[in-house]
Protein chains: 2
Amino acid sequence: MIITDKLAGETARDYALRILTDNIRSLGLEPGTAISENELAMELGLSRTPVREAIIELSKIQIIETYPQRGNFVALIDPDLVEETRFLRRILDIAVIEEACDLADEEDLAEMSENIELQEFYLGKQMADKIYPLDNAFHKLIYRAAAKELIFNMRSTVMLHFDRVRTLSVEAVKDMKIVKDHREMYEAIRNKDKEWGAELVVKHMNRYNVDQQLIRDQYPQYFK
Amino acid sequence: MIITDKLAGETARDYALRILTDNIRSLGLEPGTAISENELAMELGLSRTPVREAIIELSKIQIIETYPQRGNFVALIDPDLVEETRFLRRILDIAVIEEACDLADEEDLAEMSENIELQEFYLGKQMADKIYPLDNAFHKLIYRAAAKELIFNMRSTVMLHFDRVRTLSVEAVKDMKIVKDHREMYEAIRNKDKEWGAELVVKHMNRYNVDQQLIRDQYPQYFK
DNA sequence: ATATAAATACTTGTATACAAGTAGACGAGT
DNA sequence: ACTCGTCTACTTGTATACAAGTATTTATAT
């Protein structure tokens with residue numbers, strides 16, 4: 001479990017939520033782990049209240065399971081839920097990139113372009129850890145161009161189920177190809193080419209089509 | 001604001017969430033209304049804690065706006081958010097009904113059939129108020145048949161933005177046509193006819209294509 | 001040794017207390 | 001009349017206290 005400092009202006013609740021989310025995604029909190037509200041509050045230097053509020057939010061997406069009077073537990077990886085979130089992302093990303101083809105203005109395109117140049121810059125520098133936040137920001141830019149930010153927020157929270165499987169197979173995905181996908185998505189939006197955009201989303205998703213059975217054999221204790 | 005009794009087995013938090021959700025949907029809590037955590041807790045016979053937890057959840061979908069040290073307010077109707085949720089529902093319902101065509105088994109179909117017969121029964125009895133819960137349950141059955149229940153939960157919460165506009169124009173929608181749509185959706189799923197299913201979803205949604213400008217002129221104080 | 005029961009140490013759910021900040025009322029001073 | 005400042009009554013954010021239930025441990029009795 002990695003605990004970083006509270007950011008300036010961040011409320012206690014947001015802080016607890018960020019730490020929990022990051023650690024669940026990175027598997028610093030392993031599936032099955034008990035999360036005591038009191039204990040976590042101590043570790044974060046907070047009271048139970050904001051910690052509890054954060055846990056409740058994560059319970060809503062079933063990434064944390066709460067058993068009254070027994071405890072909170074990081075949910076085991078449920079392949080059905082992973083498949084469900086993968087489905088959701090594919091459906092949404094396709095619909096939204098098509099919408100972005102219609103709606104993106106020059107400012108949207110400029111921000112995407114800048115983001116991609118940064119991705120390519122860090123790719124050249126072999127600084128892969130810098131790419132994930134940019135990756136996320138790039139997809140957010142597409143949603144924003146399509147005026148679908150509320151949907152992006154939903155997508156982000158629920159995508160934790162997917163992200164955590166991706167963490168287990170991180171080496172299978174080549175950053176170079178991902179960055180290239182992003183550049184092509186940008187080109188598709190700039191050219192208002194919906195069909196190409198949709199194709200790219202599918203291709204992009206397929207890069208994460210890791211062999212789940214392989215991961216499951218390697219980490220059986222993580223799975224439901 | 002209509003307050004019904006707490007259901008058996010319902011936690012205080014779920015109770016507060018249900019009362020808030022129902023009243024926001026029905027406009028018993030008008031857009032712009034202040035919601036004091038203390039006051040609502042008193043009215044529900046609870047403490048602030050569970051009430052606050054419910055409010056936080058609704059803040060996540062921006063149907064309640066929280067201003068620290070100032071108050072919580074039922075958000076004004078934001079046409080952009082309404083459009084966004086309408087978009088989301090169309091996209092999801094199409095993808096999910098197509099999936100249901102592949103996956104629905106005999107039990108799923110039997111439950112849908114029974115639900116529709118009830119809808120038709122109450123339609124004949126002119127008991128329109130009985131139809132809304134059945135309507136919701138029917139769509140849930142489709143999502144369940146497609147193994148997309150987590151997505152359905154997300155859809156439900158976010159759909160509040162859409163529901164509240166529908167409340168303002170409830171007379172524009174004819175129950176008879178809606179029930180007929182549902183029967184046809186069932187037939188489409190039973191016949192594994194994806195194309196027809198998708199068509200029906202679009203047609204179904206279009207029935208709620210009320211003239212938003214008309215509503216806006218009638219209730220300007222409700223809009224952003 | 002084993003079974004049973006009481007004690008204990010946890011857990012979350014809910015209630016209450018305190019901290020910090022906002023906004024409006026009200027009055028004093030100009 | 002008006003501006004400014006103070007006071008008051010609120011608000012949410014956070015911390016703590018208490019209630020109720022679970023599960024394990026420990027001790028006791030057979």
Side-chain angles (χ1 to χ4, degrees), chain A residues 1 3-21 23-24 29-76, chain B residues 1 3-21 23-24 29-76:
Chain A
M1 172 104 171
I3 296 178
T4 57
D5 285 344
K6 197 166 95 170
L7 303 177
E10 193 175 39
T11 65
R13 167 156 42 105
D14 289 338
Y15 175 46
L17 183 60
R18 178 170 62 82
I19 297 299
L20 277 172
T21 302
N23 279 282
I24 290 174
L29 280 171
E30 299 182 24
T33 309
I35 302 177
S36 160
E37 296 175 1
N38 264 315
E39 192 184 332
L40 182 57
M42 294 271 287
E43 290 174 12
L44 297 181
L46 307 173
S47 73
R48 259 187 75 202
T49 305
V51 169
R52 175 178 166 75
E53 289 168 352
I55 287 175
I56 289 172
E57 176 166 352
L58 292 172
S59 296
K60 291 286 171 187
I61 58 167
Q62 297 174 41
I63 200 82
I64 288 181
E65 289 171 353
T66 299
Y67 302 94
Q69 277 70 50
R70 289 213 297 134
N72 297 293
F73 301 87
V74 180
L76 293 176
Chain B
M1 173 101 171
I3 296 178
T4 58
D5 284 344
K6 196 167 95 169
L7 303 177
E10 192 174 41
T11 65
R13 167 157 41 106
D14 288 339
Y15 175 45
L17 183 60
R18 178 171 60 83
I19 297 298
L20 277 173
T21 302
N23 279 282
I24 289 174
L29 280 171
E30 300 183 25
T33 308
I35 302 177
S36 160
E37 296 176 2
N38 264 315
E39 192 184 334
L40 182 56
M42 294 272 285
E43 289 173 11
L44 297 179
L46 306 172
S47 74
R48 259 186 74 202
T49 304
V51 169
R52 175 178 167 75
E53 289 169 352
I55 287 175
I56 289 172
E57 177 167 351
L58 292 173
S59 296
K60 290 287 170 187
I61 58 167
Q62 298 174 40
I63 200 82
I64 287 180
E65 289 172 353
T66 299
Y67 302 95
Q69 278 69 50
R70 290 212 297 133
N72 297 295
F73 299 88
V74 179
L76 293 176

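Protein chains get the first letters and strands the later ones, always in sequence-line order, with residue 1 at the start of each. In this text, all values refer to a predicted model and were calculated from it rather than measured experimentally.
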Checklist entry - Does Glu53(B) come within less than 4.0 Å of Arg52(A), counting only side-chain N to carboxylate O? => result yes
Item to check | Short side-chain N/O contact to dT14(C) OP1/OP2 from Ser47(B), under 4.0 Å | outcome: no
Checklist entry - Could you give the CD-to-P distance, from Glu53(A) to dT14(D), as a whole number of Å? => result 7 Å
Item to check | Nucleotide of dA15(C), dT14(C), dT11(D) approaching Ser36(B) most closely (side-chain heavy atoms) | outcome: dT11(D)
Next on the checklist: Just the rounded figure in Å: distance from P of dC10(D) to CZ of Phe73(B).
Outcome noted: 15 Å
Checklist entry - For the side chain of Asp14(B) and the backbone of Glu10(B), is there at least one donor-acceptor N/O pair under 3.5 Å apart? => result no
Item to check | Whole angstrom value for the distance that separates C1' of dG13(C) from CG of Asp14(B) | outcome: 12 Å
Checklist entry - Checking all strands, does Asn38(B) fall into the base, sugar-phosphate, or nothing category for heavy-atom contacts under 4.0 angstrom? => result base
Item to check | Separation of atom CZ in Arg52(A) from atom C1' in dG13(D), rounded to whole Å | outcome: 16 Å
Next on the checklist: As a test of reading the structure: which of dC18(D), dT14(D), dA23(D) is closest to the side chain of Arg70(A), going by heavy atoms?
Outcome noted: dA23(D)
Checklist entry - Are there more than 12 heavy atoms of other residues, nucleotides or ligands under 6.0 Å from atom CE of Met42(A)? => result no
Checklist entry - Over how many whole Å does the gap from Met42(A) atom CE to dC10(C) atom P extend? => result 12 Å
Checklist entry - Contact class for Ile55(B) (heavy atom, under 4.0 Å): base, sugar-phosphate, or nothing? => result nothing
Next on the checklist: Consider side-chain contact (heavy atoms from CB on, under 4.5 Å). Of Val51(A), Thr33(A), Ile55(A), which one does Asn72(A) pass it with?
Outcome noted: Ile55(A)
Checklist entry - Base, sugar-phosphate, or nothing for Ile56(B), non-hydrogen atoms under 4.0 angstrom? => result nothing
Checklist entry - Between the base of dT12(C) and the side chain of Gln69(A), is there any donor-acceptor pair under 3.5 Å? => result yes
Checklist outcome for this item: Here the distance between atom P of dT22(C) and atom CG of Asn72(B), to the nearest Å, is 16 Å
Checklist entry - Given atom CG of Leu44(A) and atom C1' of dA15(D), what is their separation to the nearest angstrom? => result 15 Å
Item to check | Heavy-atom pair with the smallest gap, counting every atom of Pro31(A) and Ala75(A) | outcome: CB-O, 3.6 Å
Next on the checklist: Taking the nucleotide of DNA chain D with the nearest heavy atom to each, does Glu39(B) or Glu10(A) sit closer to the 5' end?
Outcome noted: Glu39(B)
Next on the checklist: For dA15(C) and Arg48(B) - does any side-chain N or O of the residue sit under 4.0 Å from the phosphate oxygens OP1/OP2?
Outcome noted: no
Item to check | Integer-rounded Å distance: dC10(C) P and Glu37(A) CD | outcome: 16 Å
